[in-house]
There are 2 protein chains.
Amino acid sequence: MTLDERKKKILESVIKDYVETAEPVGSRAIVKKHNLRISAATVRNEMADLEDMGYLQQPHTSAGRIPSESGFRYYVDCMMERENLVDDEVQLLQKIIKENLQDWDEVIQSIGNFLAQVTRYTSFVIVPTVRVDEFKYVQLVRMGKGKAMVILVTDTGVLMHRRISIPESVEQKDLQSINEVFNRIFAGKKFAEVRKTDLQYLRDELHKSKRIIDTILEAIDRLAESAGEDKVVISGILNMLNEPEFKNLDKLKKILAILEEETLLKNLLPEPSCDEVEITIGRENRLDEAKEMSIVLAGYKIFGEVGRVGVIGPVRMEYWKAAGTVDSVRTAIDEVLKKHF
Amino acid sequence: MTLDERKKKILESVIKDYVETAEPVGSRAIVKKHNLRISAATVRNEMADLEDMGYLQQPHTSAGRIPSESGFRYYVDCMMERENLVDDEVQLLQKIIKENLQDWDEVIQSIGNFLAQVTRYTSFVIVPTVRVDEFKYVQLVRMGKGKAMVILVTDTGVLMHRRISIPESVEQKDLQSINEVFNRIFAGKKFAEVRKTDLQYLRDELHKSKRIIDTILEAIDRLAESAGEDKVVISGILNMLNEPEFKNLDKLKKILAILEEETLLKNLLPEPSCDEVEITIGRENRLDEAKEMSIVLAGYKIFGEVGRVGVIGPVRMEYWKAAGTVDSVRTAIDEVLKKHF
DNA sequence: TGTTAGCACTCTTCCCAGTTGAGTGCTAAT
DNA sequence: ATTAGCACTCAACTGGGAAGAGTGCTAACA
């Protein structure tokens, strides 16, 4: 269904005004503010049409109109122009990323903060745990009597560690020799292969008790498994409170529940594509708890997995700004990844 | 100032009822509920006395009484009996800790969750970064052309890493030899000493370019410095929303602002003692934003530093339960630390 | 035929006054 | 010292206008 220019103009006006004020928009207000060359009565007729089409709705007879979710959807799909970051913002983003480059966690955190700050919504960045696929390096470090640490580095540069108990008699140099053998045998192998490797051979070569080798292998195994948890960073929860729709505590609770429970959030988010910004409006969301909020989401590639970044806010959202910002941020993340990994 | 038994009983009744209902407590209600053998009129007289002493206050003339902050303070200091964890809860706590033992971060997170769940307030656990003092082990791992990772292990078992750039010609075996020299020279030394060590000697021994050694040393330096950030884990923010005092969005904002900004929270918390539970009530708090909330806090020792654990909630708090729980949790943390480090 | 002015109508919001009810403080009796 | 009784206070609720924003409809107009 396509709208004529005037209807579009009116729909846009209603959306812009409503997003700004959170109040129903009247015909007079539209004519005045956007100084259209038509009368309020004409606007009223057009608005009645738009209401019939489902793009606008009236909270009650004597109120102005507000955009329906389909209205927002139409606007987003057919009319919206993304509002990209202004120069200052781009520079700020670059600066933030540069300052934290040495630590990936910091980069993520600061990008999240940036996104929340610029959009004034709540931002999230989800970093998939890069599948622990290939063994790069293992290091055993003795940490005092009877304790040691297994440090594992994967080819993707992920660092993992786990404490283990070892017989008290074992010294660092014993560990070092086990270490060397492990690295020789396993370097570059897939983890799956490590698990299948013939351990007898290993034990023979090391002349060590089954016990300690098993402990180490178990630790490695666990580390490889445990890598399943994605990292979720959320910023700007406070911004939610500024939205009048969340004056209602029940709504607020639902949202905070989602934000507090990482799995809920991950379930809620749609699969992102890696070159389009995905917008989900109100009832389009899977979760009942999220039927009153919208999500603007982009995906980014990281070591073959897909990461997600975006903002979450009320249906009455500045989609144009949010989409532009999320897109810019995604690009920035892509660049960091490309340059540094 | 000490109160006679009857006044104490009445103060306690007001506190218990008020904490439960969040409503002012009337004289009749007290007599009924706690079936005292005195009349409502007597209670009224006593309550008037308690008000003169500053322990109770009236929202308005025709309302019941609510405890003032001094009232809570008196109760906490002179009358309160801590309500410790019941068996089920203790077992749950033990189980939670055991399940996550291999990963200190997980332990902290789950202890925080437990604390929030049991008290129904918002919990925090602050883990001071153990001062990076002594060098335990360093490992250089080549991560593809021109890139490497410096992995540092301190004697306290903290693992840190940082990416560096290296000349493309450098291979893993070159790194390995640098590695060995570094470990030989530095093992067991304080970081401060590492910085002062005569580098010329190092370069001579390694026959390597100044460049790569400097890069590595710089990385180590940065790691040693950067360790200054405490880890803060907050759970159960959602619980705040159930407290009627935070229906008021402005109050809620103030609190969330504190909880969202780690430095704010750290400034707010008083220095904990390591064997007493510290209770801060309302206006006793340093920060203006926190004048309407109370904090129950305990300290624990970790590698010579002091960590903090506790809950934060409305002034109308179940101090007895909170103090008991926080204390138990502190003990549990102490035990984990003692047993495993 | 599309547009517009005019007007009656609707519905929320705000304000005001009156009512209710919980709870007090005081007084006088026990 | 304690208590019953009672007048008093004040928040919270209730209902009835009045105000105001905005609509839909009709009739006139270009």
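B:D52 has its CG atom 15 Å from the P atom of C:dT24, to the nearest Å. When rounded to the nearest whole Å, the span between CD of B:E46 and C1' of C:dG25 equals 15 Å. To the nearest angstrom, P of D:dG20 lies 17 Å from CD of A:E23. We find that NE2 of A:H60 is positioned 5 Å from P of C:dT12, with the value rounded to whole Å. Whole-Å rounding puts the B:I10 CD1 to C:dT24 P distance at 11 Å. In this structure, CD of B:Q58 is placed 10 Å from P of D:dC10, rounded to the nearest angstrom. To the nearest angstrom, C1' of D:dC25 lies 15 Å from CE of A:M47. The interatomic distance linking A:I38 (CD1) with C:dG2 (C1') rounds to 12 Å, in whole Å.
Here B:T61 reaches the OP1 or OP2 of D:dC10: one of its side-chain N or O atoms lies under 4.0 Å away. Here B:R65 reaches the OP1 or OP2 of C:dG25: one of its side-chain N or O atoms lies under 4.0 Å away. Listed pair A:T42 / C:dG2 fails the phosphate criterion, with no side-chain N or O lying under 4.0 Å from OP1 or OP2. Phosphate proximity of C:dT4 to A:S39: present, with a side-chain N or O under 4.0 Å from OP1 or OP2.
Map A:A29 and B:R37 each onto its nearest nucleotide of DNA chain D; the residue landing nearer the 5' end is B:R37. Toward the 5′ end of DNA chain D lies the nearest nucleotide of B:N45, the other residue of the pair B:N45 and A:A48 mapping further downstream. Of the two residues contacting DNA chain C, namely B:S62 and B:A41, the nearest-nucleotide position lying further toward the 5' end is that of B:S62.
Here the side chain of A:S27 is nearest to one of D:dT3, C:dT4, D:dT23, namely D:dT23.
For the 3.5 Å distance criterion, the side chains of B:S328 and B:T331 fail to qualify, holding no donor opposite an acceptor. Counting only N and O atoms by type, the side chains of A:N239 and A:T122 include no donor and acceptor under 3.5 Å apart.
For a distance-only test at 3.5 Å, the side chain of A:R44 qualifies as a donor-acceptor partner of the base of C:dG6.
In this structure, A:E51 and A:M47 have side chains that are not in contact, with every pair of non-hydrogen atoms separated by 4.5 Å or more. Contact annotation: the side chain of A:T119 never approaches that of A:E318 to less than 4.5 Å [non-hydrogen atoms, C-beta and beyond].
A centroid separation of 6.0 Å or more is found between the aromatic rings of B:Y75 and B:Y319.
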